[in-house]
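Computed from a predicted structure; not experimentally measured. Residue numbers begin at 1 in each chain, while the letters A, B, ... track the order of the sequences.
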Amino acid sequence: MIRLTTRLLRRDLAAADFRLLLIALVIAVAAITAVGMLAERVKGALTGQANWLLAADAALLSDHPLPQHYRNGQLRMANTATFPSMIRSDGRTMLAAIKAVSAHYPLRGKLDTTLGNAPAPLAGEAYIDRRIAEQWQLKPGSRFQLGQSTLTVRAVIVREPDAVIDFSSLQPRVLINEADLPATGLQGPGSRVKYGLLYAGEASAVAAWTAQLKPQLQRGERLEDAREARPEVKKALERADRFLQLAGLLAALLAGVAILLAARRFVQRHYDSVALLRTLGASQQQIRQLLGGELLALVLLASLSGGLLGWLGQGALAEIMGYWLESTGNQSLPASTPLPWLWACAYALLLLAGTAGPQLLALSRTPPLRVLRRELQPGLRLGLQWSIAALATLVLLWLTARDLKLALLTAGGLLLAVVLCGLGGWLLIRLLLSLPGAHWRLALRPLARQPGLAVVQLGALTLGITGLCLLTVTRNDLLAGWQQRVPSEAPNHFAINIQPEQAQPLGALFRAHGLSEPAFQPMIRGRWMARNGQPVEPASYPDERAQRLAEREFNLSWGEALRADNRLLAGRIPAAGEQGWTVEAGLAKTLGIGLGDTLEFDIAGTRVTAPVLALREVNWDSFRPNFFVTGTEGMLAGQPSSMITSFYLPTDRRGILPEIANHYPNITLLDIGQLLDEVRRILLLATEALQLVLAFCLAAGLTVLAAALELNAAERSREAALLRALGATQSRLRRLWLTEQSVLGAVSGLTAGMAASSTGWALGHFALEVPVAFNLWLPLLAMLAGMLLAVSVSMWRLQRLANSTPAALLR
Amino acid sequence: MNCNALLAARQLGKTVTAGDESLTILHDIDFSLPAGESLAIVGASGSGKSTLLALLAGIDTPSQGDVLLDGVSLSSLNEDGRAALRGRLAGFVFQSFQLLPDFSALENVLVPLELHGTPAAEARARHWLERVGLGQRLGHTPRQLSGGEQQRVALARAFATEPRLVFADEPTGSLDTATGERIADLMFELNAATGTTLVLVTHDPKLAARCSMQLQIQGGRQGALHVQSMPDGWPA
């Protein structure tokens, strides 16, 4: 049996359908391996990048010195202590954010200074923020006082890895060595020092350690990793993840369709052989062993070559991305595990079993009588097979995306394309058949004769083209929408602590510099006291984040209307004179606040109580000041407040900054350009990855096209030979095929274009939360592409037929 | 019923249905064939000859009656049981040759041998191909062989397993007269040399005349059973 299987395999490798089956499997394995490995590596790099924002893989933060048992000898560690304090120089004072660090800081990322890439400052030395240097004209070697110590400026900070956008540390940074801390005398009781213990090491070791730490944490202690640290980075990471998943998902889906079609042709071709083998005495089990052995070998072959191809592919992609990463001053991509490849092999087996399995089982039931009566073939129960294949595909999608919503949306879009195409195509073909003239009838007869097969071909072509559309035009639409979320002119500076009376002259200063006047928002500090008359008890929330939110002071504001970066989800926006809060929906959900609830805030000793009249959704990516809770002018106008604003400052207009600092020393300026750069870099990295993964999806899409055309290739050959034997010229044949394939391609393309546009819109709207307009040009473009693809593949086939004599083809 | 019969048909009938209508294409076929004899099933096109051959070989199932192959009732076996019995007892030759198109001549002959795990399969396949005069064409695929050569490969395949019974469906039907005669000669020569029982479907009276028994089928019914020479004591 093994010999027979080997022989069958060797012979089948020369057959077009078997090669298509192999190619489809290789593409599936390669795509899933490459996407998986790349996603793993990019995720590693992204997390690595995000870890820069933490200067570590994980950080334990606390409001008290951290006990010894939180130290781990297996991991690299560094200490930090941050607190606000005044610095003095030549009789001037400034509030600064002091950060004392140990020798190994930073564990991740680079500390970029005017000296270049620098280690932690030595004892007695300090690195200072550019703002301090600019405002006080301090240079390396200058001295300043911090508490009871005098420190020497060693360098100016260009980029600090864990620069934070945190309203508790808006002051300019002074970085010192932790050894200098005791001498400053600033660490005593009542000081507001935040202690940090940073960890870095092997991802698994860090994960194990943080898992071990979590249950031990005491009040005032919290653990952060990159994903938890910054919501905007978390969102960017999630989107990057989703885009990569989508690419992998489509490659798997398209390969599945190609396998389904190629398997049908494989089965058709094997009816005679199986009938003969059964006549010669082979049992069903032997047939199953033969075919099973052959297909197992196929999977092995595909796993090895697909794995190699995938590995090489992701290697090439990683090389390009690595180059790009290094050019932006980052480290190269971390290595991948072979896990994605093993997954891909399992996928290939499931794909083949799910799509081709039912057909192959049916094949083993071929009646031996077929040796005498060729029209006999086993009942295929196509509906059941397509259902099994669809179910297997959905499982695959879900496994790939690990996101049911995304899987269902993609599958839904593609299914819609098939149904639309099947119906639309069939109607159009019926319409064309009723046209006068023998040409149409002759050309479309093959499609009309077997409606089922025609629908399969139309459906497959549609799927292929939909995939291509989604990954070319729709992808660009999605990416454009996505990048619009963080536009290049997003605000890169925040100004806070502005006194209300300073807003007008500050606006005038902006205008004098040729800049547009920023919008000022009032900001009022308030502590949340009660909900519906019940005192707020942070400890009653099971969620740690909810506890923190309930505990801390809220920044409240008021404005006239709903801003562009806010969206009303429920209720109504209260009028200026009315009493009512609007609450950000995410916060409301976390804290269990509902529409109509009464909230009480303590604002500098005054209690303000009002009902919640609206729930809003906030686009945090706008980088404009936004507030969890806003009230109305009537409620809050009299309360002690300051103003906040954000604005975009081009590099050549930075001259306004020292002017603001000199005129309004109370105003704190915060440069968030660096954080924006990090977010944009993450987006770009994901975009690059996706663009390059596209190659696999394109290959899978084209295999679907080839498999669809191969499905009735034998019949086509006979028909062409017969027509030629009956006197049809080559050009007549070519015209007939051109007509048929053009109709097939045009109908598929048109429907695919519409489906891709709808899917893109739905993906953008529901899953990825980016604005994408319905692309009206896409159906037209897709129609042309469909015609071109279908015609070029069929012309290639026709050329092959034209080279054989009718006699050879008929034999 | 004669217990020495290698093949026997008992009240064999076949009815097919198409839509609401049913059509009986074979009625009450009943005969016995002793081992070592040759039987020609003759009749006009559409008379039911090939259907009878399919029923006798167990590759189709009857609507009525039974077939006894080496004393085993085919109706008592499932499809796999019948396949096993065919594999053990029978060889086949078809009008359309039925060779695996991508396999070489040698590989085609090897198929039934390897399917049944026959020892020294390759040597045996070579021997039989040499015996049918294709010793120099072992590596050629059906596409590279003429019709006559393809049927020789099919003969080698049929006899290579040393079956007790060979079923041949119009073995010369796709060949020109001269080639057909040479193939017929070869088939009867091998049949005589191996002592195999032969069941042959043909509409060629000359070919039928070379068999020891002739069963006439007319409109699905059994006609005369001519016996040219029968073993002693064998009832016709």
Handout entry: side chain to side chain contact (heavy atoms under 4.5 Å, CB included) evaluation trace for A/Arg269 with B/Asp102
Key = CA-CA 11 Å; A/Arg269 198 168 54 82; B/Asp102 300 320; 3.8 Å; yes
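- Heavy atoms of other residues, nucleotides or ligands lying less than 6.0 angstrom from CD of B/Gln11 number more than 12.
- Only the backbone of B/Ala84 has a heavy atom closer than 4.5 Å to any heavy atom of chain A.
- Residue B/Glu107 holds its CD atom at 10.0 Å from CG of A/Leu8, rounded to the nearest 0.5 Å.
- Distance check: B/Thr141 OG1 to A/Arg11 CZ gives 8.0 Å after rounding to the nearest 0.5 Å.
- With A/Gln286 contributing its side chain and B/Leu115 its backbone, the two residues share a donor-acceptor pair below 3.5 Å.
- For the atom pair A/Arg7 CZ and B/Asn108 CG, the distance stands at 9.5 Å (nearest 0.5 Å).
- Interatomic distance, B/Leu113 CG to A/Arg3 CZ, rounded to the nearest 0.5 Å: 11.0 Å.
- Only the side chain of B/Arg157 has a heavy atom closer than 4.5 Å to any heavy atom of chain A.
- From A/Leu372, atom CG reaches atom CD of B/Gln95 across 9.5 Å, with rounding to the nearest 0.5 Å.
- Heavy-atom contacts from other residues, nucleotides or ligands closer than 6.0 Å to CZ of B/Arg221 number 12 or fewer.
- Rounding to the nearest 0.5 angstrom, the gap separating the CG atom in A/Leu276 from the CG atom in B/Leu99 is 8.0 Å.
- Nearest heavy atoms, A/Ala282 versus B/Ala83: O-CB, 3.6 Å.
- Between the B/Asp80 side chain and the A/Ser283 main chain, no donor and acceptor come within less than 3.5 Å of each other.
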Handout entry: Test log, rule side chain to side chain contact (heavy atoms under 4.5 Å, CB included), inputs B/Phe94 and A/Val371
Key = CA-CA 8 Å; B/Phe94 300 101; A/Val371 291; 3.5 Å; yes
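- Between the side chain of B/Arg86 and the backbone N or O of A/Arg278 there is at least one donor-acceptor pair closer than 3.5 Å.
- In the displayed structure, B/His203 atom NE2 is contacted under 6.0 Å by at most 12 heavy atoms of other residues, nucleotides or ligands.
- Proximity to chain A involves both the backbone and the side chain of B/Phe103, based on heavy atoms less than 4.5 angstrom apart.
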